[in-house]
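Step one of this worksheet: look at the structure below.
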Amino acid sequence: MPELPEAETLCRQLRQTVIGAQVVQTEMHDWKLGEIRGLEGRRILSINRWGKRVEMVLDDGVTMSLHLRMTGRLLWQNGTGLPPHSRFVMSLPQGKIILIDSRRFATLSVQVGAGCVPSGIDPLVEDAPLGLTAMSRGRLSPVKSFLMDQRCVAGIGNIYACEVLHATQISPWRRTCDLSFSDWEMMAGAMRSVLSKAIVCRGTTISDWRDLFGEEGEYQKYLMVYGREGEPCLRCGGRITRRKLSGVGTYFCPSCQV
DNA sequence: CCCTATGTTCCCAA
DNA sequence: CTTGGGAACATAGG
């Protein structure tokens with residue numbers, strides 16, 4: 001699933017591919033995405049990310065904002081023909097960017113003027129422990145729900161939440177407000193190491209995810225808990241367990257995560 | 001064939 | 001305000 005590292009991978013690959021290019025044409029193949037107009041002739045100035053969201057800034061103050069949700073992906077193509085589940089195409093002089101999304105949850109919008117309003121703590125900023133501590137005050141919900149709440153932490157989804165919690169040896173069910181400042185320092189450190197490694201690996205390919213050039217990510221080779229139900233914990237040898245937490249499958253080691 | 005699981009975000013209700 | 005459940009959707013697997 002596209003989370004922060006996957007969105008960041010797309011941003012980096014888009015920057016090296018489409019910066020400065022002029023939009024030749026756009027094609028909409030899914031009414032559910034709404035109408036995307038006014039991009040023809042605009043030049044691509046920059047690519048930004050906030051959390052899991054990818055933004056393309058064009059000239060004349062036009063911004064295209066993309067959220068891939070569950071199965072969305074972007075594909076750079078310079079040949080002809082469209083892959084299955086192609087929903088939107090942006091043609092540039094050197095090739096086209098295709099939005100592919102089998103489950104049709106992805107959202108795309110164009111704003112004139114300001115881009116998205118950032119919310120949630122960026123897990124990679126220098127003073128993340130302070131922000132996390134402040135944000136966590138008084139929250140009774142399990143810490144995993146907090147990590148996955150985009151209004152609290154920007155960019156963490158199920159896979160990386162499971163991995164970060166395993167790295168910190170904290171149970172997904174711990175009450176958010178019970179964590180100390182040093183816990184949040186540890187959490188920020190784990191987020192930084194897990195997410196930056198995943199970015200270098202160009203994301204995690206479990207099933208759908210591919211990078212801009214159609215390549216699988218590599219981080220699935222480094223997963224410590226996600227998808228490893230019944231297998232031994234790579235830290236303590238305990239048995240990895242999967243249990244639902246607020247509706248989603250949560251992988252953890254009951255013997256070293258407390 | 002049917003049924004379930006998948007995981008993100010929005011919407012609604014308590 | 002917080003918290004939790006269901007819906008949106010398509011596909012894979014039992």
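Within every chain, numbering begins at 1; the chains are lettered A, B, ... in the order of the sequence lines, protein sequences first and strands thereafter.
- Rounded to an integer number of Å, the gap from A/F105 CZ to B/dC11 P is 14 Å.
- When each of C/dA8, C/dT3, B/dT9 is scored by its nearest atom to the side-chain atoms of A/S141, the top-ranked nucleotide is C/dT3.
- At B/dT9, one or more side-chain N or O atoms of A/K52 fall inside 4.0 Å of OP1 or OP2 (strictly under the cut-off).
- By the 6.0 Å and 45° rule, A/K197 does not stack over the aromatic ring of A/Y219.
- Side-chain N/O atoms of A/S102 include none lying less than 4.0 angstrom from OP1 or OP2 on C/dT11.
- Atoms NZ (A/K32) and C1' (C/dA10) sit 11 Å apart, rounded to a whole Å.
- Residues A/F88 and A/M56 fall within the same hydrophobic cluster, defined by Ile, Leu, Val, Met, Phe, Trp and Tyr side chains chained together at heavy-atom separations under 4.5 Å.
- Donor-acceptor pairing under 3.5 Å is recorded for the side chains of A/T204 and A/Y160.
- The nearest whole Å value for the distance from the NE2 atom in A/H85 to the P atom in C/dA10 is 8 Å.
- The side chain of A/R69 lies closest to B/dC10 when the candidates are C/dT2, B/dC10, C/dA10.
- Straight-line distance from the CZ atom of A/R103 to the C1' atom of C/dA10: 6 Å, rounded to whole Å.
- Put simply, CG on A/L245 is 10 Å from P on C/dG5, counting in whole angstrom units.
- A/Q22 places a side-chain N or O within 3.5 Å of a backbone atom of A/G41 that can act as its donor or acceptor partner.
- Atoms NZ (A/K244) and C1' (C/dG6) sit 13 Å apart, rounded to a whole Å.
- In this structure, A/W50 atom CH2 and B/dT8 atom C1' are separated by 19 Å, rounded to whole Å.
- One finds no side-chain N or O of A/Q150 lying less than 4.0 angstrom from the OP1 or OP2 phosphate oxygen of B/dT8.
- For C/dA10, the OP1/OP2 oxygens have a side-chain nitrogen or oxygen of A/R104 closer than 4.0 Å.
- Among the heavy atoms of the strands lying under 4.0 Å from A/L140 are primed sugar atoms or P, OP1, OP2 only; no base atom is included.
- At whole-Å resolution of the value, CD1 in A/I206 and P in B/dT8 are 12 Å apart.
- In this structure, A/R87 is not positioned above the aromatic face of A/W31 in the sense of NZ or CZ being under 6.0 Å from the six-membered ring centre and within 45° of the axis.
- Counting any heavy atom pair closer than 4.0 Å across all strands shown, A/G247 reaches no nucleic acid atom.
- For A/H67 and B/dT9, the shortest distance from a side-chain N or O to OP1 or OP2 is below 4.0 Å.
- Among the atoms of the strands shown, only primed sugar atoms or phosphate atoms (P, OP1, OP2) are found under 4.0 Å from some heavy atom of A/M1.
- Partner assigned to C/dC9 is none, using Watson-Crick or G-U wobble distances below 3.5 angstrom.
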